[in-house]
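Worksheet: the structure to be examined is printed underneath.
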Amino acid sequence: EVAPPKAMEVRVEILYTSLCHTDVYFWEAKGQTPVFPRIFGHEAGGVVESVGEGVTGLAPGDHVLPIFTGECGECAHCKSQESNMCDLLRINTDRGVMIGDGQSRFSINGKPIYHFLGTSTFSEYTVIHVGCLAKINPSAPLDKVCVVSCGISTGYGATVNVARPPKGSTVAVFGLGAIGLAAAEGARASGASRIIGVDLNPSRFEGAKKFGVNEFVNPADHKKPVQEVLAEMTNGGVDRSIECTGNINA
């Protein structure tokens with residue numbers, strides 16, 4: 001059972017959802033306080049089913065993407081160009097309830113099922129704070145743009161907003177999964193001239209060309225550390241290096 005939305009909340013019918021490695025990581029209960037039973041999922045596309053009191057920017061029928069790092073729009077972080085760590089809606093992996101009243105909107109036979117990242121998209125319906133939803137053009141295919149809800153915006157945003165490679169620069173992207181491909185696209189959009197993809201899976205190299213990667217390195221093909229290989233290729237090192245594997249060894 002999925003309860004109606006309360007103040008500043010929206011109930012969303014989830015039509016498409018992707019599986020992010022973060023969901024797997026927390027399902028395996030690694031590195032945090034486990035909260036179970038819980039509905040995972042945060043990379044999705046859906047349609048607004050109903051809205052709670054105080055919600056003005058969304059209405060039933062609107063197409064939306066859940067955003068796990070929300071924005072209240074009022075705090076110092078939201079008004080700053082330097083941060084997106086909203087005082088109210090910043091990511092909290094341990095919280096399994098809604099911010100408004102500290103209760104879950106999911107239940108089975110009266111017993112609560114907990115939320116994840118304020119999104120919980122592995123459910124036909126979910127309840128989300130309005131600050132954790134982005135309204136999108138209804139003509140955009142939800143089965144495609146659901147990945148913009150996490151992986152694409154993560155890689156692209158990290159490159160364009162944080163790494164900020166200058167035009168003509170050289171960029172190395174470690175890991176050519178969804179986030180890495182988005183990072184490469186961000187480097188291309190920023191005007192980088194050399195984008196070097198680093199990955200242990202050579203089958204990813206051809207597809208990565210579509211996202212701007214124009215050189216490839218497989219660390220397994222070299223006896224020396226990959227950073228030394230890159231330094232030799234670039235006469236001293238790349239201008240920007242973006243790590244998209246989530247592996248601390250990288």
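When the options Val217, Leu230, Ile196 are evaluated for a side chain to side chain contact (heavy atoms under 4.5 Å, CB included) with Phe174, the one that passes is Leu230. Paired with Phe116 under the rule ring-ring contact (aromatic ring centres under 6.0 Å, His included), one option of Tyr25, Phe26, Phe106 passes, and it is Phe26. A side chain to side chain contact (heavy atoms under 4.5 Å, CB included) with Val48 is found for one member of Val55, Val64, Val130 and no other, namely Val64.
Not one N or O on the side chain of Thr126 forms a donor-acceptor pair closer than 3.5 Å with the backbone of Ser123. Thr119 places no side-chain N or O within donor-acceptor distance of the main-chain N or O of Pro66, the cut-off being under 3.5 Å. A donor-acceptor pair is defined here as one N or O able to donate and one able to accept, closer than 3.5 Å; such a pair exists between the side chain of Ser120 and the backbone of Ile39.
When all heavy atoms of Gly41 and Asp23 are compared, the pair lying nearest together is N-OD1, 3.1 Å. Val173 and Ala183 make their closest contact through CG1-CB, 4.3 Å (heavy atoms, listed as atom of the first residue, atom of the second, distance). Looking at every heavy atom in both residues, Met98 comes nearest to His115 through SD-CE1, 3.6 Å. Contact detail for His42 and Cys20: the closest heavy-atom pair is CE1-CB, 3.4 Å. Of all heavy-atom pairs spanning Cys146 and Gly45, the tightest one is CB-N, 3.7 Å. For Pro60 against Ser50, the heavy-atom pair with the smallest separation is CG-CA, 4.2 Å.
Of the charged side-chain nitrogens involved, none lies within less than 4.0 Å of a carboxylate oxygen, so that Lys6 and Glu53 do not count as a salt-bridged pair. Between Glu1 and Arg105 there is no salt bridge, since no side-chain N of the basic residue sits under 4.0 Å from a carboxylate O of the acidic one. Salt bridge Lys210/Glu185: absent, no basic N to carboxylate O contact under 4.0 Å.
Surrounding CD of Glu124 are at most 12 heavy atoms belonging to other residues, nucleotides or ligands under 6.0 Å away. Within 6.0 Å of CG in Asn235 there are 12 or fewer heavy atoms belonging to other residues, nucleotides or ligands.
Other members of the hydrophobic cluster containing Ile99, listed by chain and number, are Leu88, Leu89; membership follows side-chain contacts under 4.5 Å among ILVMFWY residues, whether direct or relayed.
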| query | How far apart are the C-alpha atoms of Phe216 and Phe205, what are their side-chain angles, what is the distance that settles it, and do they pass the ring pair (Phe, Tyr, Trp, His ring centres under 6.0 Å) test? | reply | CA-CA 7 Å; Phe216 304 95; Phe205 292 167; 4.8 Å; yes
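Using a 4.5 Å heavy-atom threshold, the side chains of Cys78 and Cys72 count as touching. Between Lys224 and Glu232, the closest side-chain pair of non-hydrogen atoms falls below 4.5 Å. Counting only heavy atoms from C-beta outward, the side chains of Ile195 and Arg188 approach each other to under 4.5 Å.
For Glu243 and Thr245, the side-chain atoms include at least one donor-acceptor pair closer than 3.5 Å.
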